[in-house]
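No experiment lies behind these values; they were computed from the predicted model shown.
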Amino acid sequence: MKRIERHTCWDGSQSVWRHASTTLGCDMNFAIFVPAHEDGERLPVIYWLSGLTANEQNFITKAGAQRYAAEHKVILVAPDTSPRGDGVANDPAYDLGQGAGFYLNATQPPWSAHFRMQDYVAMELPDLIEAHFPTNDRRSIMGHSMGGHGALVTALRNPGRYLAVSAFAPIVAPSQVPWGEKAFTAYLGANRSAWAEWDATALLASASERLPILIDQGDEDEYLDTQLRPWLFTKEAEHFGHPVRLRRHPGYDHSYYFVASFIDEHIAHHARALRA
């Protein structure tokens with residue numbers, strides 16, 4: 001690993017690192033905030049997954065999360081949203097290719113050569129973090145938009161690995177909305193039966209654990225009715241007895257202004273589970 005950026009923040013350390021990912025076959029960046037702690041003390045980790053077009057910088061520079069991570073003494077990790085590089089497949093559109101990994105393992109060429117973001121965020125990255133930073137074995141996961149989709153799917157696909165999950169304005173049912181239909185067709189093929197294992201709403205039927213799920217959604221979000229549709233998830237969760245709390249906020253849109261307004265409550269939600 002190579003550290004490419006470091007800043008003191010709320011008495012902790014905000015840094016960005018680059019490493020060669022064997023899962024993705026390219027170099028990847030991740031950001032990590034480590035709060036001030038005692039020598040030998042090991043801390044729980046919250047993983048943050050960002051949305052379309054973002055990278056590791058968006059969350060650490062816009063959300064204001066470090067203050068609350070320092071308060072609760074949790075580590076924050078924010079990876080990039082996709083593999084990148086000259087040899088990595090791409091598309092001119094913002095919602096496919098580099099910057100739009102959708103946190104799945106692609107099966108279709110040319111994407112299957114590099115786009116294995118699920119294995120990266122659920123396995124390779126945590127192994128790396130736990131080998132090089134003062135962590136314990138307690139993890140949780142959250143995200144925004146496409147990253148909210150990624151957080152929900154990753155938690156539901158990996159029972160026992162995370163203690164809590166939350167999301168801001170997530171794509172909860174990608175099989176039923178244009179963003180997801182486009183990405184899933186490209187990455188997974190036209191057979192819709194293969195899409196269910198990457199759709200949070202579909203995964204609820206087979207979920208073997210009941211994590212505390214918090215979802216925040218702005219009522220002025222321009223994508224609410226066309227791409228997000230959180231009620232599809234909450235209806236299915238209610239049917240299968242899966243506890244989920246959906247909070248709708250009048251006046252808020254899809255931006256990081258929305259994320260920054262409620263990130264303190266999300267970190268507190270995770271801290272309670274991580275410290276229990």
Which distance, rounded to the nearest 0.5 Å, do you find between the [atom1] of [X] and the [atom2] of [Y]?
| X | Y | atom1 | atom2 | answer |
| --- | --- | --- | --- | --- |
| Phe258 | Asp216 | CZ | CG | 5.0 Å |
| Leu274 | Arg272 | CG | CZ | 11.0 Å |
| Trp48 | Asn58 | CH2 | CG | 10.0 Å |
| Gln66 | Cys9 | CD | SG | 4.0 Å |
| Gln227 | Gln176 | CD | CD | 12.5 Å |
| Thr201 | Leu152 | OG1 | CG | 8.5 Å |

Kindly check if the number of other-residue, nucleotide or ligand heavy atoms within 6.0 Å of [atom1] ([X]) is above 12?
| X | atom1 | answer |
| --- | --- | --- |
| Glu41 | CD | yes |
| Arg245 | CZ | no |
| Arg18 | CZ | no |
| Arg157 | CZ | yes |
| Asp11 | CG | no |
| Phe240 | CZ | yes |

Any residue meeting salt bridge (Lys or Arg N to Asp or Glu O under 4.0 Å) with Asp27, in chain and number order, not counting sequence neighbours: none
Working for side chain to side chain contact (heavy atoms under 4.5 Å, CB included), residues His132 and Met1: CA-CA 10 Å; His132 293 279; Met1 296 195 306; 3.7 Å; yes
Flag side-chain contact, heavy atom, 4.5 Å: [X] against [Y]:
| X | Y | value |
| --- | --- | --- |
| Thr234 | Glu238 | no |
| Val77 | Phe133 | no |
| Ser140 | Val165 | no |
| Pro44 | Thr135 | no |
| Val172 | Asp199 | no |
| Arg161 | Pro126 | yes |
| Arg139 | Leu163 | no |
| Leu24 | Met117 | yes |

In terms of hydrophobic clustering (I, L, V, M, F, W, Y; side-chain heavy atoms under 4.5 Å; direct or indirect links), are [X] and [Y] co-clustered?
| X | Y | result |
| --- | --- | --- |
| Ile46 | Phe30 | no |
| Ile129 | Ile4 | no |
| Tyr252 | Leu224 | no |
| Ile215 | Leu49 | yes |
| Ile213 | Phe262 | no |

Distance-minimising heavy-atom pair for [X] and [Y]:
| X | Y | value |
| --- | --- | --- |
| Asp264 | Ser261 | OD1-O, 3.8 Å |
| Val153 | Ala200 | CG2-N, 3.7 Å |
| Ala106 | Leu188 | CA-CD2, 4.5 Å |
| Ala260 | Ile263 | O-CG2, 3.8 Å |
| Gly51 | Met146 | C-CE, 3.8 Å |
| Phe102 | Trp179 | CZ-O, 3.8 Å |

Is there a donor-acceptor pair under 3.5 Å between the side chain of [X] and the backbone N or O of [Y]?
| X | Y | result |
| --- | --- | --- |
| Thr154 | Ala151 | no |
| Asn90 | Gln98 | yes |
| Arg84 | Cys26 | no |
| His114 | Thr23 | no |
| Ser82 | Gly101 | no |
| Asn105 | Asp119 | yes |
| Arg42 | Asn136 | no |
| Glu124 | Thr22 | yes |
| Gln14 | Ile32 | yes |
| Ser255 | Tyr257 | yes |

Ring-ring centroid check His149 Phe168, cutoff 6.0 Å: no
Within the 6.0 Å centroid threshold, strictly below: Phe33 and Trp10: no
Check against side chain to side chain contact (heavy atoms under 4.5 Å, CB included), Arg229 and Val177: CA-CA 9 Å; Arg229 306 175 71 189; Val177 300; 3.9 Å; yes
Give a yes-or-no answer on whether the side chains of [X] and [Y] include a donor-acceptor pair shorter than 3.5 Å.
| X | Y | answer |
| --- | --- | --- |
| His144 | Ser50 | no |
| Asp80 | Asn55 | no |
| Glu5 | Gln57 | yes |
| Gln118 | Asn158 | yes |
| Trp195 | Ser193 | no |
| Glu181 | Ser175 | no |
| Ser166 | His266 | yes |

Residues Val74, His270; criterion side chain to side chain contact (heavy atoms under 4.5 Å, CB included); working and verdict: CA-CA 9 Å; Val74 295; His270 289 270; over 6 Å; no
Worked verdict on His254 versus Ser145 for side-chain hydrogen bond (donor to acceptor under 3.5 Å, both in side chains): CA-CA 8 Å; His254 198 70; Ser145 193; 2.9 Å; yes
Steps toward side chain to side chain contact (heavy atoms under 4.5 Å, CB included) verdict (His19, Leu128): CA-CA 10 Å; His19 74 105; Leu128 189 70; 3.7 Å; yes
